[in-house]
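Take a look at the structure below.
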Amino acid sequence: MSAADTGSTEVKTKPLHFIQQIIRKDLEQGLHKKIVTRFPPEPNGYLHIGHAKSICLNFGMADEFGGACNLRFDDTNPEKENEEFVNAIKQDVEWLGFKWDGAVRYTSDYFDQLHAWAIDLINKGLAFVCDLNAEQMREYRGTLVEPGKNSPFRERSVEENLALFEKMRAGEFEEGACSLRAKIDMSSPNINLRDPIIYRIKKAHHHQTGDKWCIYPSYDFAHGQSDAIEGITHSICTLEFEDHKPLYDWFIQNLPVPAIPRQYEFARLNINYSVTSKRKLKQLVDEHHVDGWNDPRMPTISGMRRRGFTPAALREFCERIGVTRSDGIVDVGVLEFCVRDDLDKNAPRAMCVLKPLKVTLTNCPADQVETLTVHNHPNRADLGDRTLPFTQTVFIEQEDFREEANKKYKRLVTGKRVRLRGAYVIEADEAIKDAAGNIIEVRARIIEGTLGKDPADGVKPKGVIHWVSATQNLDCEVRLYNRLFIDEAPDAGGKNFLDCINPDSLEVLQGCKAELSLATASVGNSYQFERQGYFCLDSKYSTTEKPVFNRTISLKDSFGKTEDQE
RNA sequence: AGGGGCGUCGCCAAGUGGUAAGGCAGCGGGUUUUGAUCCCGCCAUUCGUAGGUUCGAGUCCUUCCGCCCCUGCCA
């Protein structure tokens, strides 16, 4: 075969998703010299994994095509928004590794302009003040299959509308008494075009504008125009906004905006075994089913950060799931793979015994302390070495010892051998039990000459287990997390997602024994506790006196999948 | 007088008229002082359905079926 036949020299390039294709084409055709995107969260809650997808998409496109991405808080509803959320959101975006262009923007920065444009619409006879209340408006709106009816206030004169709108602005009407509506088409099959409200009265204090306004623009009236003001070229949002696009374009066409932004929609992220709706996440927090927005079991960015997930893992996940227009439910296994993959490559190894069982090495002097040197990572010499004190008594995992077991069991068994990781091969002689018959200690022997070598007699150990000195260790608490929901689709059907909560999603272990080197662990760093999983210091409960480690994720474990575990 | 979307392997997803990429999961094997990592192999004669156009259709046309979104003074 020739090189041309095999194509062996060709580098596989990652296929472009539809947004990338659109941007590339726009750039090639010179529609824009530079693209500008934006991430537009409403500061009414914490960001979650679904937002991470949007963040990676918007900032990612800007980075990839040499453009810019703004961070703009969509703050048109002061009743539900606050500063706590804007600060948390800024922190989350930065932590994910992205930098917004220029200063943080707020839709409220444009309230004066938006107000002027509303007046412009009135002057053009394209907007009117309507006195219908909420219930009446619903009646006039029609239904999905029936057209709506024109409001009796639809034909007010420009002068009257101007005067009324000014009174609205001046606070002369109560909330709900009236609203400003765009005059489009009450018989449109697209309900968003049936004279949508563009300004409503809300006598609420705004976290950015204080008490300057008592009327606030609707999402539809604010979003596109804000995009135009900022020169956004590609306004990327989720599928449910597709029906709003005609309205988005209508405002852009009827107002003297400085630019023509285009809206594109992609499918929002759904993940099994979890919920990604702000309302439900808020309920979990408010009803204390979890320990706050950053509970390690939450799919929030702050929760995943506290859990030990890394920015790189989250970005890789968003890269792998793709960007399309079809709804789907991504397997949480993909997220878990990304976390393990990143941590395996970068987390230094350490040992920690979760459920200690004392082992006395009878042929080791009681006062002896041997200093062992071990690698911090099996495949990365650059991560260096560390030392471990080896003593007469050590702790091993309770489940790593059995008085008898079949050949599948690769740990310590009475009369058999096992290697203590980075140390010696030992052979168990006897199990000591308490009155109740529980094994409380194992007496074993070191097989001489097995440090870094196999036993001279040729009897190799069955496996390798982790351990920690029983006299020189760090006592700590370890928190094991499992899926928050038992059900694959807690959101689906008529079920209550709260009924799907996993009662065993958190297991708190006390008296865990970690190797001394972990005393210098710091928040933000991850470690692999060998044979156990990846762990990190808990940012909320850990103290110098009492370290608390969170299990970020267990190691992949194929043991017992197809064979008898006994 | 409803409108707008979407259907390619268990899950995600390439494919843009020329003969079904890749990843996750799974399965089998090798290496291993972590039952991890790593490595090798297997895993869609078929693209929701039924017709049609074409030398050729996952890609074009038509039919039907299924799923999602829309009747907030939320975003």
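Here is the naming used below: chain letters follow the sequence lines, and residue numbers restart at 1 for every chain. Since we're looking at a predicted model, the values are computed, not measured.
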Notebook entry, point to check: Going by heavy atoms closer than 4.0 Å, what residues in residues 185-196 of chain A are next to RNA chain B?
Noted result: Ser187(A), Ser188(A), Pro189(A), Ile191(A)
Notebook entry, point to check: Arg141(A) near the nucleic acid: base, sugar-phosphate alone, or nothing, with a heavy-atom cut-off under 4.0 Å?
Noted result: sugar-phosphate
Notebook entry, point to check: Under the ring pair (Phe, Tyr, Trp, His ring centres under 6.0 Å) test, which residues partner Phe85(A), sequence neighbours left out?
Noted result: Tyr46(A)
Next item on the list: Could you pull out all residues at least two apart from Asp227(A) that satisfy side-chain hydrogen bond (donor to acceptor under 3.5 Å, both in side chains)?
Entry: Arg72(A), Ser235(A), Tyr248(A)
Next item on the list: For nucleotides rG52(B) and rU16(B), find the distance between their P atoms and express it as a whole number of Å.
Entry: 25 Å
Checklist line | Tyr106(A) and Phe73(A) aromatic centres sub-6.0 Å | finding: yes
Checklist line | With His206(A) via ring pair (Phe, Tyr, Trp, His ring centres under 6.0 Å) - residues at least two apart | finding: Phe111(A), Tyr216(A)
Notebook entry, point to check: Does Arg200(A) place a side-chain N or O at less than 4.0 Å from the phosphate oxygens OP1/OP2 of rA75(B)?
Noted result: yes
Next item on the list: May I ask you to evaluate whether Ser558(A) reaches the phosphate of rG35(B), defined as a side-chain N or O under 4.0 Å from OP1 or OP2?
Entry: no
Is there any protein nitrogen or oxygen under 3.5 Å from a nitrogen or oxygen in nucleotides 6-8 of chain B, and what are the pairs?
residue	atom	partner	partner atom	Å
rC6(B)	OP1	Arg325(A)	NE	3.3

Checklist line | Earlier contact from the 5' end, RNA chain B, for Thr143(A) and Phe529(A) | finding: Phe529(A)
Note to self: Give me each pair satisfying salt bridge (Lys or Arg N to Asp or Glu O under 4.0 Å) with a member in residues 181-198 of chain A, each pair once, sequence neighbours excluded.
What the structure shows: Arg154(A)-Asp195(A), Glu155(A)-Lys183(A)
Margin query: With a 4.0 Å limit, can you tell me whether Lys202(A) has a side-chain N or O closer than that to the phosphate oxygens OP1/OP2 of rC74(B)?
Written below: yes
Next item on the list: Not counting sequence neighbours, which residues clear ring pair (Phe, Tyr, Trp, His ring centres under 6.0 Å) with Tyr199(A)? List them please.
Entry: Phe165(A), Phe221(A)
Checklist line | Contact nearer the 5' end of RNA chain B, comparing Glu530(A) with Leu144(A) | finding: Leu144(A)
Notebook entry, point to check: Sequence neighbours excluded, which residues qualify as ring pair (Phe, Tyr, Trp, His ring centres under 6.0 Å) partners of Phe529(A)?
Noted result: Phe535(A), Phe549(A)
Check: With Asn133(A), which residues qualify under side-chain contact (heavy atoms from CB on, under 4.5 Å), at least two apart?
Finding: Glu135(A), Gln136(A)
Margin query: Can you tell me if Arg531(A) touches the phosphate of rG35(B), counting only side-chain N or O atoms and a distance under 4.0 Å to OP1 or OP2?
Written below: yes
Next item on the list: Show the numbers, then the answer: is there a side chain to side chain contact (heavy atoms under 4.5 Å, CB included) between Thr552(A) and Arg340(A)?
Entry: CA-CA 9 Å; Thr552(A) 303; Arg340(A) 287 194 180 100; over 6 Å; no
Margin query: Is the phosphate of rG15(B) approached by Gln21(A) (side-chain N or O, under 4.0 Å from OP1 or OP2)?
Written below: yes
